[in-house]
Amino acid sequence: MAVLGRACLILAFALTLYGVGAAIYGAHPGRRAWADSARRAVYALAALLTVAFVIVEIAFITSDFSFALVAGHSSTTTPLLYRAAAAWSSQQGSLLLWAWLLSLWSSLVLYLTRNRLREITPWATAVLMGFGAFFVGLVVFKESPFATLAQAPAEGVGLNPLLRYPSMMVHPPMLYSGYTLCAVPMAFGVGALLARRVDAEWVAATRKFALAAWLFLGIGIVLGARWSYVELGWGGYWGWDPVENASLMPWLISTAFIHSIMIQEKRGMLRMWNASLCLAMGTLAIVGTFLVRSGIIDSIHAFVEQGNEIAWAFTALIAVCASGSIWLIYSRRDILRSEHRLDSLLSREALFLFNNLLLVALCFVVFWGTFFPLISEALTGNKSTLGPPWFARYTVPLAIVLAVVAGLGPVISWRRATWANFKHNLIWPLSFTAVVLVLVIAFADATSNWLAIAMFGAGAFVIACVGQEFWRGTRARKIMSGERLPRAFVSLVARNRRRYGGYLVHLGIAVLFIGIAASSAFQHSITPTLRPGQTARVGGYDVRYLRPTASISVNGSGHVEHINFGSDVRVSKNGKFVSNMHTERDYFPTQGAGGTLSDYFAGNQTSEVGLKAGLRRDIWIDVNDTNIGSLMPIIRRGDKVFGDAKSIPAAMYNQLLGQALLGLVKRYKATAPPVQFRMLISPMATWIWLGAIIVFIGGLTALWPSPRGMARRARATYKARIAQDLGRARA
Amino acid sequence: MGGVLVVLAIAVVLAAVVWVVSGPLRHRHSDDPERERRAVRRAELDAAREAKYREIRDTELDWRTGKLSDADHAALDRVLRAEAVAILNELDELGDE
């Protein structure tokens, strides 16, 4: 199987080189057959990489340890679903996943545009196949997933326990889908510039691709944040870690692009800006992959060793993308001039432009903070890092202004708004915002958290603006059609998916921002050390440590999967019961454990957080330190005893070892040593996840093709069709 | 035996790839540059027409939701419809494919 997989990869690499050549040759007039052949090469690439990926998956699922990849990242003790997802926990599997997703998305996009964008698609195909050549080249020449071992071990190392979390099965494919989809607008941007065709057809197609990239990248980011919140044991969801930032940068730029491309669509403006953004999106996606896969900057999310050999290859690719983009923009500046100028600063175009500047400024802050360790090392020889307070100092004010702009956008018209209408549209949102601010200031410590209060105000403003838009649109639809309100609401959204999908996104972002502001500014946190029966108070809640727990988790084949030491706690408020919660720390054995007792405590550790989530607040409790150190004298004595008893039969040895482990577990429960907890009361943290869900529903709504969006060939002789077509879609 | 099967599988995959990718080259049609140029222009105009329709609808929705005054809407709508008619006229001139 490994030979077949390797052959598929070599064939795929050859195919990418052919695809690049055939697409460039076919981009010239009269050579359409070559362009079609290059497009088919993309389909064939997707098929070959699918075969290669399936072979890797089969090897993981069947625990075929003759594959070095499987032996190093899976084991028979790893649950089946996690074995299936273990492929992308490795460098080789990740790179193969990137290449595979790129080929799938490229195939889909090129299939959808097979009869459109005829002058652009050959160049876009060449760019996509160029990316394909890079990633397939890496897995062929540097990081082969099909390397085999001369002697297959009986057991594998196992999947990193930190990755044994449901969302981690979906998070990498989503994130990589976002990254690979970011390459699509870039490819079509390069194609449009090379073909000198930055027209309406390109705009319409590229906007959809960028929206899809934005959606997948966003889902990936949120899943990663959720994993961080419930699995990493520090209680946060965003730590400004380089790998987190890596995905945020292209997301911010894609957000800017899907707004500014609308100005080009409607007014023929910002062509150079849009071309720059779509090229930056693709380049930043490669930068993101580089940060995740190179290990060049320390990160809790990068599961690769530092300083690996592929960093130089990524650096070269990024240099090519960046310098090529600059050259393209400069050489095509004649076709990138705007057709119009801003009619008025009081228009949606002006607000979109301002929102773009804010998003790019945010991206720059994130970029600077992320790469500061490398910059400082290059300039001073010392690697300095910038922590969350530095990021917060710049990003929070920018985010507040961005939220206000997100509220203003929906209530202002295109081209030219009048002050009278603008003021009229702001009366209700500003009134609502004022009420919310008064309430928040009355109940919160406004003096120390004024930025959070400002974010509450901005969030409330967006919610009111969007709510007003939905209400007015629904009312207008009801008057026109005579439908009942709920039906009118559905019709309104269905007929104007782009507009109201976008408004939903704004609403979700406001909810998410409020959740971030509340949970970070008004969070209560303590790290008490308690014995059973003792109580700690956090944020008005009493947390009583009831009892220790300890158990051994054994898999189907009788091997110890992990030993967990935990705590049962009871939470109450003002004497009233709130919830019973459990938290534990899991200790995974080292590879090939069985020699000594210490082996069972020397592997990875993971936290299982106790979480009681609610709309008002989350109660988050993690056992920070289980104090198994109190067992260490016994464990060391046991190691000595078992070290001297190697001569006894293996079956008896293992039985005795198992009894010793059971004894340790019982002793921990009986002695109940003091345990250190980390307890958080995070107000409105759930709003973050709810906001994210609203954002994705809005994104899907905007992306979903409308029934009338299917291309029709309207014969111009029927000019009355304008009225007919438009009448069908009226509010 | 296993080795032979693998070699056979690789040969089949290679043949399938070559067959799929070379398809357009085996059944090549003569390209008509003028027809191609017209098709590209038509596609561009189709997209421009859709964008213009969307702009007219957006303007109307802006008006109905109180973001545009009656006078502004009437003036803007007139301009946009004239632009739409110009696009349709050009589509007419191109004729059917």
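So that the names make sense, note that chain A is the first sequence line, chain B the second, and so on, each numbered from 1.
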Tell me, side chain or backbone of [X] under 4.5 Å from chain B's heavy atoms, or both, or neither?
X: Leu45(A); result: neither
X: Tyr18(A); result: side chain
X: Leu11(A); result: side chain
X: Trp202(A); result: neither
X: Arg6(A); result: neither
X: Ala200(A); result: both

Does Arg475(A) have any side-chain hydrogen bond (donor to acceptor under 3.5 Å, both in side chains) partners at least two apart in sequence or in another chain, and if so, which?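 If we apply the side-chain hydrogen bond (donor to acceptor under 3.5 Å, both in side chains) test to Arg475(A), skipping adjacent residues, there are no hits.
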
How long is the gap from CG on Asp64(A) to CD1 on Ile55(A), to the nearest 0.5 Å?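 One gets 11.5 Å once the value is rounded to the nearest 0.5 Å.
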
Straight-line distance of Met1(A) CE to Phe146(A) CZ, nearest 0.5 Å: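 One gets 9.0 Å once the value is rounded to the nearest 0.5 Å.
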
Heavy-atom pairs under 4.5 Å with chain B: which of [options] has the most?
options: Asn115(A), Thr418(A), Val411(A); value: Val411(A)
options: Ala14(A), Ser37(A), Ala44(A); value: Ser37(A)
options: Lys266(A), Arg197(A), Arg472(A); value: Lys266(A)
options: Glu119(A), Arg116(A), Arg415(A); value: Arg415(A)

Between chain A and each of Leu80(B), Ile10(B), Thr59(B), count heavy-atom pairs under 4.5 Å; write down the option with the most.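 Highest number of pairs under 4.5 Å: Ile10(B).
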
Worked verdict on Val203(A) versus Val198(A) for side-chain contact (heavy atoms from CB on, under 4.5 Å): CA-CA 7 Å; Val203(A) 169; Val198(A) 281; over 6 Å; no

Of Arg41(B), Arg38(B), Arg42(B), the residue whose pairing with Glu90(B) passes salt bridge (Lys or Arg N to Asp or Glu O under 4.0 Å):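 When Arg41(B), Arg38(B), Arg42(B) are each tested with Glu90(B), the salt bridge (Lys or Arg N to Asp or Glu O under 4.0 Å) holds only for Arg41(B).
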
For Asp58(B), which of Arg498(A), Arg499(A), Arg348(A) qualifies under salt bridge (Lys or Arg N to Asp or Glu O under 4.0 Å)?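 Going through Arg498(A), Arg499(A), Arg348(A) one by one, the salt bridge (Lys or Arg N to Asp or Glu O under 4.0 Å) with Asp58(B) is satisfied by Arg499(A) alone.
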
With the side chain counted from C-beta on, respond yes when Leu408(A) and Leu426(A) share a heavy-atom pair under 4.5 Å apart, and no when they do not.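 Yes, at least one pair of side-chain atoms sits under 4.5 Å.
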
Contact between Trp414(A) and Leu68(B) at the side-chain level, heavy atoms closer than 4.5 Å - yes or no?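 No, every pair of side-chain atoms sits at 4.5 Å or beyond.
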
Could you note down all residue pairs passing ring pair (Phe, Tyr, Trp, His ring centres under 6.0 Å) where residues 56-88 of chain B supplies at least one of them, sequence neighbours left out?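 Non-adjacent pairs meeting ring pair (Phe, Tyr, Trp, His ring centres under 6.0 Å): Trp63(B)-His73(B).
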
Going by the rule side chain to side chain contact (heavy atoms under 4.5 Å, CB included), which residues pair with Asp36(A) if we only count those two or more places apart in sequence or in a different chain?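 Checked Asp36(A) against side chain to side chain contact (heavy atoms under 4.5 Å, CB included); matches are Arg32(A), Arg39(A), Pro24(B).
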
Using non-hydrogen atoms and a limit below 4.5 Å, what part of residues 14-22 of chain B faces chain A?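 Listed by number, the contacting residues are Leu14(B), Val17(B), Val20(B), Val21(B).
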
Residue among Leu48(A), Thr50(A), Val54(A) satisfying side chain to side chain contact (heavy atoms under 4.5 Å, CB included) with Cys8(A):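 The passing option is Leu48(A).
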
